[in-house]
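What follows is a short report on a single structure.
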Amino acid sequence: MHVKKFGGSSVADAEKIRQTVAIIRQSSSEPVSVVLSAMKGVTNYLVDAAEMASRGDQNYKKNIEAIKEKHLNCLDELFGAKKPEGLQEGIENLLLDLSEILHGVELVRECSLKSMDLIMSFGERLNCRQVAAYMNTIDVPSVYIDSREIVKTDSTHGKGNVNFERTYREIQSRIKKDGSVTPVICGFIASDDTGRTTTLGRNGSDYTASIIGAALDADRVEIWTDVDGVLTADPRVVPNAFVIPQLSIQEAMELSFFGAEVIHPYTLVPTTDKDIPVYIKNTLNPSAEGTVITKHYTKKERAITGIASIDDLCLINIEGGGMMGMPGMASQIFSSLADAGVNIIMITQASSEHSISILCRREEVDRAKDKLKESLKPAIESRKIQNIEVVKELIIIAVIGENMIGQVGLTGKLFSAIGEANVNILAIAQGSSERNISFVIEQKDKEKALNAVHKKFIG
Ligand code: ADP
Ligand code: ASP
Ligand code: MG
């Protein structure tokens with residue numbers, strides 16, 4: 001069994017869908033399970049529509065029209081006058097459901113995460129229907145599968161936690177492994193115990209593919225996208241970035257956690273459990289080798305395998321002479337941030353214990369600061385803590401590589417390269433795995449810093 005996942009850019013229009021189906025067809029010697037995202041841009045249209053409707057902004061209707069036009073044009077181009085019976089009607093009915101839900105959001109002027117998951121689910125549902133129908137008309141027997149029936153999560157909306165036992169059972173009983181029919185499975189969407197729609201988080205179709213692969217003990221999971229593989233850096237920022245032919249699981253995980261959006265960060269968890277290799281391939285250039293991610297690591301010549309970064313971060317500096325030797329201070333800070341639902345991206349504490357710095361996302365920083373002020377009130381009033389300061393418009397850069405382990409002097413060289421580029425570093429962290437050095441800089445220095453590090457260490 002091969003699992004092939006195609007992202008939004010691989011199904012952006014009728015032409016791309018034809019290319020995608022040609023790739024699926026070429027591997028007909030093996031049974032294939034196909035996982036698809038929504039057509040490119042559709043999930044963003046849906047999110048924007050929901051936000052507009054919740055403000056009472058009528059422009060949400062324009063988004064529905066745009067989504068409708070995209071799909072109906074695609075049907076015309078794929079099938080011409082020979083549309084399978086009921087297909088266009090099915091698509092139009094889904095769009096009617098979507099309009100009604102958004103009208104509901106407009107009336108109540110609020111869009112909960114629950115409603116947002118339901119609204120976002122339309123992208124994958126619309127696309128997988130049309131692609132499955134297209135495959136059938138060109139004699140690739142296929143069946144549409146709504147993942148809400150097979151991928152089960154808890155009720156955490158926006159980013160559900162997968163119930164693996166139940167999910168694997170559902171997948172195994174639903175998907176035939178004999179290759180007689182190719183399932184076309186909606187990526188990204190799932191449901192909870194009560195049957196309500198959930199999602200696996202933005203970009204989550206990669207994760208769906210690896211869950212399907214692990215459930216079926218697939219021989220390989222392929223993620224087909226719009227670049228030739230995992231590159232040494234984000235090609236939109238570092239034009240000289242190039243493909244990394246082989247990555248260890250840890251390297252790939254670190255790169256994806258630190259913003260290399262080419263794979264969703266959780267993708268490698270299910271496949272690693274089952275020792276399934278993951279390939280990243282380019283739909284627009286299928287003959288390119290791509291990247292393979294496996295347990296077995298082939299040593300690279302250079303010290304640094306790749307660089308990644310996360311935008312839109314803030315640093316909270318908690319400072320005070322009285323924090324020295326006060327046991328429990330760090331734990332109090334972390335537990336109050338956890339209570340406020342703030343995700344901590346990085347922590348540093350100077351050994352003088354004079355300050356603790358916490359990096360979090362921009363949208364969480366106000367909540368984080370308010371919560372800290374409240375929970376640390378006694379320490380602030382007794383002047384043990386003198387200042388809680390927030391620095392905005394920051395990014396984190398992570399430099400990643402198996403070969404970094406035990407390399408004496410690498411950190412020094414790295415930071416002198418940053419210094420030569422005239423970029424100021426606000427905080428630094430290195431995990432004990434030594435596979436990752438992360439540092440925080442200002443957003444405005446992103447391009448300069450990434451290119452300087454890439455040039456010096458990667459080439
Ligand atoms: P898909 O729609 O196929 O899921 P995504 O847009 O989610 O594709 O991910 C692919 C994009 O990720 C690429 O077009 C590229 O711009 C971006 N990207 C960021 N960092 C990297 C990286 N290190 N290697 C490859 N692509 C990267
Ligand atoms: N369509 C979803 C998104 O845009 C999931 C995905 O593409 O992986 O986030
Ligand atoms: Mg993606």
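Every number for a ligand or one of its atoms is a count from 1 in the order of the listing. We count residues from 1, following the sequence as given.
- The protein heavy atom nearest to atom 4 (O) of ligand 2 is Arg202 NH2, 3.0 Å.
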In a simple table, one pair per line, please give the protein and ligand 1 atom names for every N or O pair closer than 3.5 Å, along with the distance.
residue	atom	partner	partner atom	Å
ligand 1	2 (O)	Gly8	N	3.2
ligand 1	3 (O)	Thr225	OG1	2.7
ligand 1	4 (O)	Lys5	NZ	3.2
ligand 1	7 (O)	Asn203	OD1	3.1
ligand 1	8 (O)	Thr225	OG1	3.2
ligand 1	14 (O)	Asp226	OD1	2.7
ligand 1	14 (O)	Asp226	OD2	3.4
ligand 1	16 (O)	Arg236	NE	3.1
ligand 1	23 (N)	Leu231	O	3.0
ligand 1	24 (N)	Leu231	N	2.8

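- Inter-residue side-chain proximity for Leu313 and Arg362 is flagged as unmet; no heavy-atom pair is nearer than 4.5 Å.
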- Task: For Gln443 and Asp311, run side chain to side chain contact (heavy atoms under 4.5 Å, CB included): C-alpha distance rounded to whole Å, both residues' side-chain angles, the deciding distance at 0.1 Å, then the answer.
- Result: CA-CA 7 Å; Gln443 183 92 42; Asp311 291 348; 3.4 Å; yes
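- Ring-plane geometry between Trp224 and Phe6 is classed as parallel, the angle between the planes falling under 30 degrees on a 0 to 90 degree scale with a further cut at 60.
- Paired with Asn403 under the rule side chain to side chain contact (heavy atoms under 4.5 Å, CB included), one option of Glu301, Arg435, Lys299 passes, and it is Lys299.
- Tyr207 and His264 have parallel rings, their planes meeting at less than 30° on a 0 to 90° scale where 60° marks the start of perpendicular.
- Salt bridge Arg55/Glu51: absent, no basic N to carboxylate O contact under 4.0 Å.
- Heavy-atom separations between Gly8 and ligand 2 are all 4.0 Å or longer.
- If you number the atoms of ligand 2 from 1 as listed, the ones under 4.0 Å from a heavy atom of Glu124 come out as 1 (N), 2 (C), 5 (C).
- Cation-pi geometry between Arg220 and Tyr279 is met: the NZ or CZ atom falls under 6.0 Å from the ring centre, inside 45° of the normal.
- Looking at atom 6 (C) of ligand 2, its nearest protein heavy atom turns out to be Ser205 OG, 3.3 Å.
- Applying the 6.0 Å contact sphere to NZ of Lys62 captures no more than 12 heavy atoms from other residues, nucleotides or ligands.
- Neighbouring protein atoms of the Mg ion (ligand 3) (N, O or S, distance under 2.8 Å, waters ignored): Asn203 OD1.
- Using a cut-off of 4.0 Å between Lys/Arg side-chain N and Asp/Glu carboxylate O, Arg361 and Asp312 are scored as not salt-bridged.
- Screening residues 414-424 for side chain to side chain donor-acceptor pair (under 3.5 Å) gives no qualifying pairs among residues at least two apart or on separate chains.
- Contacts of Met120 with ligand 2, taken as heavy-atom pairs under 4.0 Å, are absent altogether.
- Shown in contact with Thr43 at under 4.0 Å from a heavy atom are these atoms of ligand 2, numbered in order with element: 1 (N), 2 (C), 3 (C), 4 (O).
- Considering backbone and side-chain N/O atoms, Lys5 never comes within less than 3.5 Å of an N/O atom of ligand 2.
- Classification of Lys4 and Glu30 as a salt-bridged pair fails, no side-chain N sitting under 4.0 Å from a carboxylate O.
- Any N or O atom pair closer than 3.5 Å counts here, and Ser37 shares at least one such pair with ligand 2.
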With a cut-off of 3.5 Å and sequence neighbours excluded, list every side-chain donor-acceptor pair involving residues 150-160.
residue	atom	partner	partner atom	Å
Lys152	NZ	Ser191	OG	2.7
Lys152	NZ	Asp192	O	3.2
Thr153	OG1	Thr198	OG1	2.8
Asp154	OD1	Thr156	N	3.1
Asp154	OD1	Thr156	OG1	3.0
Asp154	OD1	Asn161	N	3.0
Asp154	OD2	Thr156	OG1	3.0
Asp154	OD2	Asn161	ND2	2.8
Ser155	OG	Asp192	OD2	2.8
Thr156	OG1	Asn161	ND2	3.4
His157	ND1	Asp117	OD2	3.0
His157	ND1	Thr197	O	3.4

- Message: side-chain hydrogen bond (donor to acceptor under 3.5 Å, both in side chains), that's the test. Do Thr294 and Gln246 meet it? Break it down for me.
- Response: CA-CA 8 Å; Thr294 48; Gln246 200 270 339; 3.0 Å; yes
